[in-house]
Protein chains: 2
Amino acid sequence: MVGLEGSRDVAWRAFITAHALVIERIERELADAGLPPLGWYDVLLELSVAPGRRLRMHELARAVVLSRSGLTRLVDRLERASLLRREPDPADRRGSFAVLTDEGAAVRERMWPVYARGIAEHFGKHLGDEEVEVLTGALKRVLGAAREV
Amino acid sequence: MVGLEGSRDVAWRAFITAHALVIERIERELADAGLPPLGWYDVLLELSVAPGRRLRMHELARAVVLSRSGLTRLVDRLERASLLRREPDPADRRGSFAVLTDEGAAVRERMWPVYARGIAEHFGKHLGDEEVEVLTGALKRVLGAAREV
DNA sequence: ATACACTAGTTGCTAATGCAACAAAAAAAG
DNA sequence: CTTTTTTTGTTGCATTAGCAACTAGTGTAT
């Protein structure tokens, strides 16, 4: 018995390997274009769509699937680059908001074309419309279940 | 324009977020069971199914989607744990094989039940049979394309 | 009110990863 | 052949991530 005989295990293997390969390609394309890595994009995007362009640190950590300490450091880097700033939460003196700056929004907008091209070229291009629907539905279910725990 | 409006971009977002969450869960379950991390499993599995239980370093790096330097260090750790050993390649004096040991095979077999349960619980359980087929087909296409480059 | 438990965020530490540079060998070009 | 280019694997270095421990503030129970 060597593991991975079941059809779900084969799907899993395809899932993680495709992920690793495509991320590797896209990260390289961003780096080659002189742009920040994907982790930065995730933070900037979450802040972009958040009300008031701000999120509490723990909300942001959860949104981008990072440990609290990992997020502290990531936000440090983004703050040093002036792409966001920390602001105290008047309603809870323990916590702070991460607030998107205009410069942060601008950087996200400069990243998006490169990122979008990578997604299309290495991912979207190879999927039929029907497959996209199935994939989205299935993975959102997986995602929802994993978030609940 | 905030990015991620197209249906393929939504699918991509679900893809990477589901990946991050499920991997996080499974890594924790392995750690809680006192077992090595997923990266070790990948190496042990590739060697298990390779002819002669051996692969050249660069083949292994490609198989587990890791940089050459990353693989050098990962193999260092596995070799220190006696789960594999390096052997020179008589046909090419630059290179070496990574060869699975019996102990390495045994450790992989001890990891598999925990890993399999994680895959089922956090991934497979939420997918219908039809979805599994679509997912596998689609992702294998993505994977093949990314490998070609 | 006071004690107790929990949550938020940061820090020190360690582990893991990629890039660039390197040495050695092989392969290709001439 | 001899020279040049490429491949293979390792190393130094810098970056990034998580865990455990800590501080500070909040919430809850008695």
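So that the names make sense, note that chain A is the first sequence line, chain B the second, and so on, each numbered from 1.
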Nearest-angstrom distance from the residue atom CD1 of B/Ile23 to P of C/dT17: 12 Å
D/dG9 base / B/Arg62 side chain donor-acceptor hit below 3.5 Å: no
B/Arg147, CZ: over 12 other non-hydrogen atoms inside 6.0 angstrom: yes
Strand contacts (DNA chain D) in residues 85-94 of chain A, 4.0 angstrom heavy-atom criterion: A/Asp92, A/Arg93, A/Arg94
B/Lys125/B/Glu121 ion pair, N-O < 4.0 Å: yes
Interatomic distance where CG belongs to A/Leu38 and P belongs to D/dA17 [whole Å]: 11 Å
Electrostatic pair B/Glu27-B/Arg25, nearest N-O below 4.0 angstrom: no
Rounded distance in Å - CD (A/Glu27) to C1' (D/dT16): 11 Å
Other residues, nucleotides, ligands: >12 heavy atoms within 6.0 Å of B/Arg86 CZ: yes
Distance-minimising heavy-atom pair for B/Phe15 and A/Leu139: CA-CD1, 3.7 Å
Short side-chain N/O contact from A/Arg77 to OP1 or OP2 of D/dA17, under 4.0 Å: yes
Electrostatic pair B/Asp42-B/Arg108, nearest N-O below 4.0 angstrom: no
Separation of atom CG in B/Leu78 from atom C1' in C/dA15, rounded to whole Å: 14 Å
Distance test, side-chain N/O of B/His58 to OP1/OP2 of D/dG9, below 4.0 Å: yes
Integer-rounded Å distance: D/dA17 C1' and B/Glu24 CD: 12 Å
Minimum-distance nucleotide (side-chain atoms of B/Ser96 versus D/dG9, C/dT11, D/dC19): D/dG9
Phosphate OP1/OP2 of C/dG9 contacted by A/Arg56 side-chain N/O (<4.0 Å): yes
Distance in angstrom units between B/Asp76 CG and C/dA16 C1', rounded: 12 Å
Interatomic distance, A/Arg68 CZ vs D/dC19 P [rounded to whole Å]: 10 Å
Sugar-phosphate, base or nothing in reach of B/Leu74, heavy atoms under 4.0 Å: nothing
Side-chain donor-acceptor contact under 3.5 Å, B/His122 with B/Glu29: yes
First of B/Ser69 and A/Gly39 reached from the 5' end of DNA chain D, by closest nucleotide: B/Ser69
Distance, rounded to the nearest Å, where B/Leu71 contributes CG and D/dT11 contributes P: 13 Å
